Amino acid sequence: MIYCIKAFALVLMFITMGCTHALHQNHTSDYQLDRPFNDYRFIQSRQEQFVVMGMIGETDYANAAFADLKKQCPNGTITGIQTRHSTSHGFFSWTNVILMQAYCSE
């Protein structure tokens with residue numbers, strides 16, 4: 001009986017503490033500056049996709065991040081877009097994250 005309790009405690013420890021993070025891509029577009037850099041406003045957008053045992057619900061999270069970035073600069077020009085694609089792993093699940101950062105000139 002004591003071995004079952006120890007085994008259960010070991011499994012519980014692995015379930016609650018077993019996670020990793022991975023950065024897959026980090027891309028930066030070119031900067032097209034037509035005025036001083038101080039005139040630009042920093043904007044960012046973050047979207048997630050949660051996956052459980054390979055079952056995916058949201059597949060449009062990268063496009064949603066870009067659309068949100070464009071909403072923050074409706075009448076301006078966006079330049080210097082940096083896109084980071086990363087994953088945080090959990091127990092039988094993971095979260096894909098898109099983080100977009102850029103500069104807006106209005």
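Note that the structure is a prediction, hence the values are computed from the model and not measured. Starting from 1, each residue takes its place in the sequence as its number.
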CZ/F92: more than 12 non-hydrogen atoms of other groups inside 6.0 Å
no

With a cut-off of 6.0 Å (strictly less than), are more than 12 heavy atoms of other residues, nucleotides or ligands near CZ of F66?
no

Can you tell me if [X] uses its side chain to pair, donor with acceptor, with the backbone of [Y] under 3.5 Å?
X   : Y    : value
R84 : Q101 : no
S88 : T95  : no
S93 : V52  : no

Run the numbers on D30 and Q32 for side-chain hydrogen bond (donor to acceptor under 3.5 Å, both in side chains), then give the verdict.
CA-CA 6 Å; D30 58 340; Q32 297 177 354; 3.3 Å; yes

Which atom of [X] lies closest to which atom of [Y], heavy atoms considered:
X   : Y    : value
C73 : R41  : CA-NH2, 4.3 Å
Q72 : I43  : OE1-CB, 3.3 Å
A65 : S45  : O-OG, 3.1 Å
Q47 : Y61  : CB-O, 3.4 Å
A62 : M100 : O-CE, 3.9 Å

Connected via hydrophobic side-chain network under 4.5 Å: L99 and L69:
no

Report the distance from atom [atom1] of [X] to atom [atom2] of [Y], rounding to the nearest 0.5 Å.
X    : Y    : atom1 : atom2 : result
L33  : Y40  : CG    : OH    : 4.5 Å
Y103 : I78  : OH    : CD1   : 13.5 Å
N26  : H85  : CG    : NE2   : 12.0 Å
T77  : D34  : OG1   : CG    : 6.5 Å
N75  : C104 : CG    : SG    : 8.5 Å
Q25  : S86  : CD    : OG    : 11.0 Å

For the residue pair T87 and H24, confirm or rule out a side-chain donor-acceptor distance under 3.5 Å.
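T87 vs H24: donor-acceptor pair found between side chains.
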
Candidate pair F42 and Q44, rule side-chain contact (heavy atoms from CB on, under 4.5 Å), full reasoning:
CA-CA 7 Å; F42 180 75; Q44 72 177 8; 3.9 Å; yes

Test item: Q49 and I56 side chains (from C-beta on) under 4.5 Å apart, heavy atoms:
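Of all side-chain heavy-atom pairs linking I56 with Q49, at least one is under 4.5 Å.
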
